[in-house]
Amino acid sequence: MNLIEELRWRGMVQDMMPGTEEQLQKEMTTGYVGFDPTADSLHIGNLVPIMLLKHLQRAGHKPLALVGGATGMVGDPSFKAEERKMLDEETLQHNQRCIKAQLEKYLDFDPAKPNAAEMVNNYDWFKNISFLHFIRDVGKHITVNYMMAKDSVKKRIEGDNGMSFTEFSYQLIQGYDYYHLYNEKNCRLQMGGSDQWGNIVTGTEMIRRKGGGEAFAFTCPLVKKADGTKFGKSEKGNIWLDASKTTPYEFYQFWLRCTDEDAEQWIKTFTFLDQNEISSIIAEHNLDKGKYTLQKRLAQEVTAFIHGQQELELAMMTTDFLFGKLSLDALKSLSDVDVKKVMAGVQQATITKAELAAGIDVLTFMTNTQIFPSKGEARKMLQNGGLSINTEKVTAQELVVDSSFLWNDKYILVAKGKKNYVLVTAE
RNA sequence: GGGCAGGUUCCAGAGUGGCCAAAUGGGGCGGACUGUAAAUCCGCUGUCUUUCGACUUCAUAGGUUCGAAUCCUAUCCUGCCCA
């Protein structure tokens with residue numbers, strides 16, 4: 001199966017330039033995707049481009065990961081409602097380094113291989129281009145009419161917030177990236193989310209007009225939840241690939257909690273399982289949906305890919321203790337070292353033993369441990385029936401928490417809502 | 001530079017002197033039901049606080065008034081049209 005066929009059944013092809021498939025059949029092709037250095041870690045929204053590069057490499061082609069040091073300074077306006085905040089250069093550089101380090105974990109950069117992945121940063125070629133030079137040599141080839149006709153731009157022009165020249169020029173910058181890579185790295189393919197189509201086409205157009213060359217591209221549909229809401233956010237915000245921002249347990253939970261509908265699509269998009277295997281998993285899932293066969297497999301595959309097998313196993317174990325058959329009693333029977341390990345992914349809090357010995361009321365307990373920022377909020381949660389300690393629902397705000405709540409002599413397990421656990425350690 | 005229309009709580013969007021912490025919808029959070037799903041229903045949703053109440057909000061700074069998101073002045077920002 002060729003790359004495009006593979007991506008097609010996975011539902012990962014939206015738009016494609018004519019001839020792309022033929023080009024990929026013909027020879028080993030270098031293709032690239034850009035990553036914005038908007039934060040110091042990638043998040044699961046970036047997982048799609050990573051998967052694209054991965055598939056490209058598996059199909060024998062050469063992936064280029066472009067970190068947008070230059071484009072990040074400008075900000076992509078495509079389909080956005082308003083201009084985003086500018087990051088200072090120091091932050092951008094820090095972000096670029098972090099992202100680079102992450103990408104290295106997911107692609108094969110072994111230089112011995114002919115299709116080894118490579119990393120490039122567009123800041124490297126933009127830093128030496130002057131403004132005059134750019135508008136003369138690059139801007140000359142693309143008309144404003146052409147640029148304004150893009151849907152991605154129209155939205156902003158017709159919107160309420162306008163669009164700065166800086167943002168408007170974004171597509172030229174991204175377009176020039178492609179032109180540059182076409183010349184320097186013999187890059188013939190650009191991939192990206194469907195929101196990038198406009199920018200990508202500007203690139204191929206530039207290659208055609210400026211150099212008379214031919215370059216290809218395809219885009220992947222943007223991942224959304226079945227209910228149309230944004231993908232990749234949880235209550236706590238973004239789901240990051242960096243374990244110190246989103247623990248492997250939380251990461252695993254994110255995938256486990258998705259709906260049946262989403263899981264069916266996502267297992268195609270975010271795992272490398274083949275078509276047969278996926279259909280049999282779905283079939284099995286449908287026999288007893290309560291077993292979470294589909295979500296579990298999805299969560300396992302993705303967590304293992306991002307965090308590795310060991311972290312996955314710990315995350316699964318944590319899940320078993322908190323939600324599964326293993327109860328609090330089982331957790332209590334673990335050694336201290338094991339408790340720490342198993343609970344590592346769960347939100348942590350501390351309290352002093354002295355405070356507990358004296359006994360404190362629940363609300364103060366919740367604020368002192370910083371589980372809640374204020375008593376008012378803790379009270380609200382309690383009144384809503386959303387608060388429990390050691391798996392027992394707290395019903396009275398007069399409840400006094402003292403040393404008798406400790407298990408293994410140092411832990412208290414607090415839950416806010418059904419899904420959010422906090423392990424309190426007494427010191 | 002000129003004319004016009006605007007800037008309201010997470011978002012959309014009401015409110016044009018007291019009844020406004022501010023309608024309604026969405027989103028978020030919590031609960032019931034379930035499968036840690038979906039749908040549905042219920043509660044909460046400025047901050048702090050034991051229902052009382054206190055404090056800070058309606059672009060910013062001043063002013064009028066017993067009292068202002070609402071009126072006045074200046075400033076900043078945005079859109080549209082004209083130059």
Side-chain angles (χ1 to χ4, degrees), chain A residues 77 80-85 154-165 167 224-239 249-267 281-282 284-300 303 315-328 345-347 360-368 370-388 391-400 413-422:
Chain A
K80 305 234 166 55
E82 52 189 66
E83 184 154 4
R84 76 151 183 253
K85 288 162 212 67
K154 258 194 216 153
K155 188 155 197 164
R156 283 295 293 281
I157 291 182
E158 285 161 9
D160 294 334
N161 292 304
M163 177 181 205
S164 67
F165 179 74
E167 290 186 279
K224 272 197 262 161
K225 292 202 259 180
D227 59 13
T229 57
K230 206 168 174 182
F231 164 76
K233 299 257 184 179
S234 74
E235 306 81 75
K236 290 171 194 107
N238 270 341
I239 305 290
Y249 159 75
E250 288 163 334
F251 188 86
Y252 177 81
Q253 283 281 315
F254 170 81
W255 298 101
L256 191 69
R257 277 179 197 156
C258 72
T259 66
D260 294 349
E261 216 176 327
D262 287 333
E264 282 194 28
Q265 176 55 48
W266 294 355
I267 199 166
I281 294 167
I282 293 176
E284 195 188 331
H285 178 71
N286 287 334
L287 292 178
D288 181 357
K289 296 190 169 188
K291 277 191 181 155
Y292 278 79
T293 316
L294 180 57
Q295 281 91 337
K296 269 186 190 157
R297 191 61 193 276
L298 169 67
Q300 286 165 12
T303 309
M316 287 170 68
M317 213 184 288
T318 312
T319 298
D320 268 345
F321 278 110
L322 297 179
F323 297 97
K325 314 160 190 66
L326 299 166
S327 62
L328 183 64
V346 177
Q347 192 187 332
I360 45 177
D361 66 282
V362 222
L363 298 182
T364 314
F365 175 82
M366 291 302 163
T367 50
N368 284 6
Q370 302 190 341
I371 293 172
F372 287 92
S374 77
K375 288 188 185 179
E377 267 186 53
R379 178 174 302 111
K380 233 175 247 170
M381 183 68 89
L382 188 151
Q383 282 165 351
N384 271 314
L387 201 58
S388 68
T391 67
E392 301 250 334
K393 188 168 280 191
V394 180
T395 48
Q397 53 180 275
E398 295 78 26
L399 180 74
V400 173
L413 185 67
V414 175
K416 39 179 179 173
K418 232 181 311 205
K419 305 168 191 170
N420 303 301
Y421 288 92
V422 184

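Because the structure is a prediction, the values reported are computed rather than measured. Residue numbers begin at 1 in each chain, while the letters A, B, ... track the order of the sequences.
Of the candidates B/rA32, B/rC44, B/rC48, B/rC44 carries the atom nearest the A/Asn384 side chain, counting heavy atoms from C-beta on. When each of B/rA37, B/rC29, B/rG35 is scored by its nearest atom to the side-chain atoms of A/Lys419, the top-ranked nucleotide is B/rA37. The listed nucleotides are B/rG30, B/rU50, B/rU36; the one nearest the side chain of A/Asn420 is B/rG30. In the set B/rG31, B/rU49, B/rA37, the nucleotide with an atom closest to the side chain of A/Lys375 is B/rU49.
If you check distances only, the side chain of A/Lys296 never reaches the base of B/rU36 with a donor-acceptor pair under 3.5 Å. Between the side chain of A/Asp288 and the base of B/rG35, no donor-acceptor pair of N or O atoms lies under 3.5 Å.
Look at the P atom in both B/rA68 and B/rA59: the space between them is 15 Å, to the nearest Å. Comparing the same atom, C1', in B/rC58 and in B/rC20 gives a spacing of 10 Å after rounding to whole Å. Taking the C1' atom of each, B/rC19 and B/rU34 are spaced 44 Å apart, rounded to whole Å. Atom P of B/rG15 sits at a distance of 27 Å from the matching atom of B/rG28, rounded to the whole Å. Between B/rA83 and B/rU75, the two C1' atoms lie 24 Å apart (nearest whole Å). Nucleotides B/rA22 and B/rC10 have their C1' atoms positioned 16 Å apart, rounded to a whole Å. Of the C1' atoms belonging to B/rC42 and B/rU50, the separation is 24 Å, rounded to the nearest Å. Comparing B/rU36 with B/rU49, their C1' atoms sit 34 Å apart, to the nearest whole Å.
B/rU40: Watson-Crick or G-U partner is B/rA32, with both key distances under 3.5 Å. As the counterpart of B/rC19, no nucleotide is assigned, since no Watson-Crick or G-U wobble pattern has both distances under 3.5 Å. Pairing partner, B/rA54: B/rU47, with both Watson-Crick or wobble hydrogen-bond distances short of 3.5 Å. Searching all strands for a Watson-Crick or G-U wobble partner of B/rA61 with both distances below 3.5 Å returns B/rU73. Pairing for B/rU24 goes to B/rA12, judged as Watson-Crick or G-U wobble with the two contacts each under 3.5 Å. The partner of B/rA83, taking Watson-Crick or G-U wobble pairs whose two distances both stay under 3.5 Å, does not exist in any strand shown. Across all strands shown, nothing is found opposite B/rA68 as a Watson-Crick or G-U wobble partner with both distances under 3.5 Å.
Positionally, the nearest nucleotide of RNA chain B for A/Thr259 lies more toward the 5' end than for the other of A/Thr259 and A/Leu363. Mapping A/Gly376 and A/Thr319 onto RNA chain B by nearest heavy atom places A/Thr319 at the nucleotide closer to the 5' end.
A/Lys416 places no side-chain N or O within 3.5 Å of a backbone atom of A/Met381 that could act as its donor or acceptor partner.
Among the heavy atoms of the strands lying under 4.0 Å from A/Lys289 is at least one base atom, whether or not backbone atoms are also near. Contact annotation for A/Gln253: base contact, defined as any heavy-atom pair under 4.0 Å involving a base atom.
In this structure, CD on A/Gln253 lies 9.0 Å from OG1 on A/Thr318, to the nearest 0.5 angstrom.
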